[in-house]
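Every number for a ligand or one of its atoms is a count from 1 in the order of the listing. Fair warning: this is a prediction, and the values are worked out from it, not measured in the lab.
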Amino acid sequence: MPSDDKPLWLLTGNSNKFREASSILAPFGITIRHLKRSKVEVQDPRLENIARFGLKTALENHQGPLLVEDSGIFIKALSGFPGPYSSFVYETIGLRGILDMLRRHSDRRAYFQCTVAFGSSGLDAHLFTGKVAGKISRRVVGIKGFGYDPIFIPDGSTKTFGQTSSTFKNSHSHRAKAFQKFAKWYSSGSTYALKSGWVREP
Ligand code: ITT
């Protein structure tokens, strides 16, 4: 185990993401710190490439160990749109714009994806992806969560993520699945994780 104490950082300009990731990792005994900056986003259809690029760029100014994540919602009737453009679409046409586009569609299927990139300077990134399938509601419902949560109903539920508790979302979401994969991989004591220099905080 390396001797110098290196905490684990999550770089994101989105405090909701940080809050959720902290709660998901806590049961694994993993504490993260918030590096509150937006990642540099490359235009690419794959969230994996966006997360990997965001991490690589961030490691130019921060030696890590570092987590960066990219998320998006993929709507079947819109051929996967907004996908990698989810942030821009949310800030421009918003939830009502999405509902308008889907007005005439009976196929409401969609999924959320979260891809987490973990790395440290000098090491290649490791990626962890989580997805949750569901459908787009007819109306904006609920005030919990953030972003697209008030229009997304995960499979097996009748409520949007905007109506469910954070405990429910943090055990069923795309982010939960991605960060849990990361936590299990790290906890299994991989040599890569050890090489990253990260030492658990007491
Ligand atoms: P960083 O890049 O700084 O991490 P961001 O909010 O810009 O923050 P993304 O590009 O990954 O992050 O976000 C894509 C969009 O998807 C953005 O509008 C989010 O609000 C939304 N989003 C991401 N995760 C979500 C979730 O769990 N529930 C609802 N909407 C989510």
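With hydrogens left out, the protein atom closest to atom 10 (O) of ligand 1 is E41 OE2, 3.0 Å, a heavy atom. For atom 6 (O) of ligand 1, the closest non-hydrogen atom on the protein side is N14 ND2, 2.9 Å. At the top of the distance list for atom 19 (C) of ligand 1, counting protein heavy atoms only, stands F146 CE1, 4.2 Å. Remark: minimum distance from atom 21 (C) of ligand 1 to any protein heavy atom is reached at Y148 CD1, 3.9 Å. Nearest protein heavy-atom neighbour of atom 24 (N) of ligand 1: R175 NH2, 2.9 Å. Atom 3 (O) of ligand 1 has as its closest protein heavy atom G13 N, 2.7 Å. Closest to atom 2 (O) of ligand 1, if we only count protein heavy atoms, is K39 NZ, 2.6 Å.
Closest heavy-atom approach to atom 28 (N) of ligand 1 among the candidates V40, L35, T115, D149: D149. Across the listed options C114, G94, G83, S71, S71 owns the non-hydrogen atom lying nearest to atom 14 (C) of ligand 1. Proximity annotation for atom 18 (O) of ligand 1: of S87, A51, S15, S87 comes nearest, heavy atoms only. Of the candidates K17, R37, H174, it is K17 that places a heavy atom closest to atom 9 (P) of ligand 1.
By the 3.5 Å distance cut-off applied to N or O atoms, K169 is counted among the residues near ligand 1.
No side-chain donor-acceptor contact under 3.5 Å links T164 to the backbone of K169. Using a distance-only test at 3.5 Å, with no hydrogens or angles considered, a donor-acceptor pair links the side chain of K181 to the main chain of T129. In this structure, the side chain of R108 engages the main chain of L102 through a donor-acceptor pair within 3.5 Å. For Y148 (side chain) and Y90 (main-chain N/O), a donor-acceptor pair under 3.5 Å exists by modelled atom type. Between the side chain of K36 and the backbone N or O of S15, no donor-acceptor pair lies under 3.5 Å. At least one donor-acceptor pair closer than 3.5 Å links the side chain of Q163 to the backbone N or O of T160.
Using cut-offs of 30° and 60° for the angle between ring planes, the F182 and F118 rings count as tilted.
Rounding to the nearest 0.5 Å places NZ of K131 at 7.5 Å from CZ of F74.
When heavy-atom distances to ligand 1 are checked against a 4.0 Å cut-off, E91 has no atom that comes that close, whether in backbone or side chain. Residue contacts with ligand 1, taken as heavy atom pairs separated by less than 4.0 Å, involve F112 solely via side-chain atoms from C-beta onward.
The ring pair (Phe, Tyr, Trp, His ring centres under 6.0 Å) analysis of residues 32-73, with sequence neighbours excluded, yields the pairs W9-H62, F18-H34.
Within ligand 1, counting atoms from 1 as listed, the ones closer than 4.0 Å to a heavy atom of T12 are 1 (P), 3 (O), 4 (O), 8 (O).
Here K144 pairs with nothing under the side-chain hydrogen bond (donor to acceptor under 3.5 Å, both in side chains) rule; sequence neighbours left out.
Residue contacts with ligand 1 include S38, since one of its heavy atoms falls under 4.0 Å from the ligand.
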